[in-house]
Amino acid sequence: MKKVTYPERWLRGASLGEQVVSKLRIQIMSGEVKKGTILSENQLSAEFGMSRSPIREALRTLSNEGLIDLQRMGAVVIGLTTRDLHELYDVRLLLEHFVLERLSEVNHDSLIKKLEQSIDQMNMAAKYDDYIEFAYQDLRFHELVIIEANHKRILRLWESIREIILAALLITTEKRFRDDKKAVMPLIEQHHEMIKALKSQNIKRIQDEVKRHFKDTRNTITASLVNEA
């Protein structure tokens, strides 16, 4: 697997702790940092050229995400298993099922316009081989739907998994672009179909399209990211 790094432009305005956790998350999820590796605060402090405080903050976040296990000897890398990824996508499926059903009750023309613009950006990113922008717009499409629901607790739940989902999309999208560029076109079409389903205000159609999309995405991400011993 090609080394995938967290885009520096996504880190503008981020705290030191957020910068460290974003970079470590990618390294762990891509397999660059192997399962069983022990990470110490001193080692990471020297590597990133900063004090131990933001390092400690980053390790706490990675622990909360289940990517490392904090022990007395240091942080032991766990990585992602098939079950971890399936559980993440179970949460995403539940979130978007609920949100899209809620949104289906009334017209959301402004949302649909934003979703179509996001797909346009995905097409542009595919044209210019920009997997980073493609991954971001993929995430943005789904995030726009969640934001539109105007549900504080659903939004908080989304925010608790947002960064790990973004990292997964970044790694997987790079692989799609590298291995089979044509594979991104059906993905774009799936997003078009979700817009059509939302416009129809037919709950069954919405449910079917969301399930179809997440089944494909779950399988692709699992094949790309599972980092089991």
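Remark: Lys215 engages no residue in a salt bridge (Lys or Arg N to Asp or Glu O under 4.0 Å) (not counting sequence neighbours). In terms of the ring-ring contact (aromatic ring centres under 6.0 Å, His included) criterion, His108 has no residue partners (sequence neighbours excluded).
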Practice prompt. Check the pair Glu163, Leu166 against side-chain contact (heavy atoms from CB on, under 4.5 Å), reporting the backbone distance first and the verdict last.
Written response: CA-CA 5 Å; Glu163 296 305 318; Leu166 180 56; 4.1 Å; yes

Item to complete: Under the side-chain hydrogen bond (donor to acceptor under 3.5 Å, both in side chains) rule, what do Thr81 and Asp84 come out as? Steps first, then yes or no, please.
Response: CA-CA 5 Å; Thr81 65; Asp84 292 328; 3.1 Å; yes

Practice prompt. I would like to know whether Ile68 and Arg25 meet side-chain contact (heavy atoms from CB on, under 4.5 Å); could you show each step before the answer?
Written response: CA-CA 10 Å; Ile68 63 172; Arg25 185 187 291 113; over 6 Å; no

Practice prompt. Go through Ser30 and Glu174 one step at a time and tell me if the side-chain contact (heavy atoms from CB on, under 4.5 Å) criterion holds.
Written response: CA-CA 11 Å; Ser30 68; Glu174 187 279 329; over 6 Å; no

Practice prompt. Would you please test Arg102 and Glu148 for side-chain contact (heavy atoms from CB on, under 4.5 Å) and show each step?
Written response: CA-CA 10 Å; Arg102 181 175 173 136; Glu148 183 74 10; over 6 Å; no

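Of the options Lys204, Arg212, Arg205, Lys211, a salt bridge (charged side-chain N to carboxylate O under 4.0 Å, His left out) to Asp208 is made by Lys204 and by none of the others. Considering Glu96, Arg218, Gln190 in turn, Gln190 is the only one that fulfils the side-chain hydrogen bond (donor to acceptor under 3.5 Å, both in side chains) rule with His213.
Side chain of Thr61 to main chain of Glu57: a donor-acceptor pair is present (N/O by atom type, distance under 3.5 Å, no hydrogens or angles). Using a distance-only test at 3.5 Å, with no hydrogens or angles considered, a donor-acceptor pair links the side chain of Lys34 to the main chain of Gly31. Remark: the backbone N or O of Met50 is paired with a side-chain donor or acceptor of Ser45 at under 3.5 angstrom. Looking only at distances, a side-chain donor or acceptor of Ser200 sits under 3.5 Å from a matching main-chain atom of Ala197. In this structure, Thr173 contributes its side chain and Tyr131 its backbone to no donor-acceptor pair below 3.5 Å. A donor-acceptor distance shorter than 3.5 angstrom exists from the side chain of Ser104 to the backbone of Glu101, with no hydrogens or angles considered. In this structure a side-chain-to-backbone donor-acceptor pair under 3.5 Å is present from Ser160 to Leu157. Side chain of Gln19 to backbone of Ala14: a donor-acceptor contact under 3.5 angstrom is found.
Here the side chains of Asp138 and His191 are in contact, with some heavy-atom distance below 4.5 Å. Counting only heavy atoms from C-beta outward, the side chains of Ile206 and Leu103 never approach each other to under 4.5 Å. Arg56 is not listed as a side-chain neighbour of Leu59, based on a closest heavy-atom distance of 4.5 Å or more. Residues Trp158 and Val145 have side chains not in contact (no heavy-atom distance under 4.5 Å, counting atoms from C-beta outward). Using a 4.5 Å cut-off on side-chain heavy atoms (C-beta onward), Thr5 and Lys23 make no contact. Counting only heavy atoms from C-beta outward, the side chains of His97 and Leu93 approach each other to under 4.5 Å. Proximity of Phe134 to Arg176: side-chain heavy atoms (C-beta onward) are nowhere separated by under 4.5 Å. The shortest distance between side-chain heavy atoms of Leu67 and Leu24 does not fall below 4.5 Å.
Taking both residues in full, the closest heavy atoms of Leu11 and Tyr6 are given as CD2-CE2, 3.5 Å, listed atom of the first, atom of the second, then distance. Between Val4 and Ile26 the shortest heavy-atom distance is O-CG2, 2.8 Å. Closest heavy-atom contact between Leu70 and Ala75: CD2-CB, 3.8 Å.
Between Tyr136 and Trp10, the ring planes lie tilted relative to each other; the angle falls in the 30° to 60° range.
In summary, Arg140 and Glu143 engage in a salt bridge, as defined by a charged side-chain N under 4.0 Å from a carboxylate O. In summary, Lys113 and Asp109 do not engage in a salt bridge, as defined by a charged side-chain N under 4.0 Å from a carboxylate O. Under a 4.0 Å N-O distance rule, the pair Glu193/Lys196 qualifies as a salt bridge.
The environment of Arg9 atom CZ is dense: over 12 non-hydrogen atoms of other residues, nucleotides or ligands sit within 6.0 angstrom. Around the CG atom of Asp129, the shell of radius 6.0 Å holds more than 12 heavy atoms that belong to other residues, nucleotides or ligands.
Following chains of ILVMFWY side-chain contacts shorter than 4.5 Å, one can reach Phe98 starting from Leu88, so the two form part of one hydrophobic cluster. In this structure, Met122 is a member of the same hydrophobic cluster as Met185, with clusters built from ILVMFWY side-chain heavy atoms closer than 4.5 Å.
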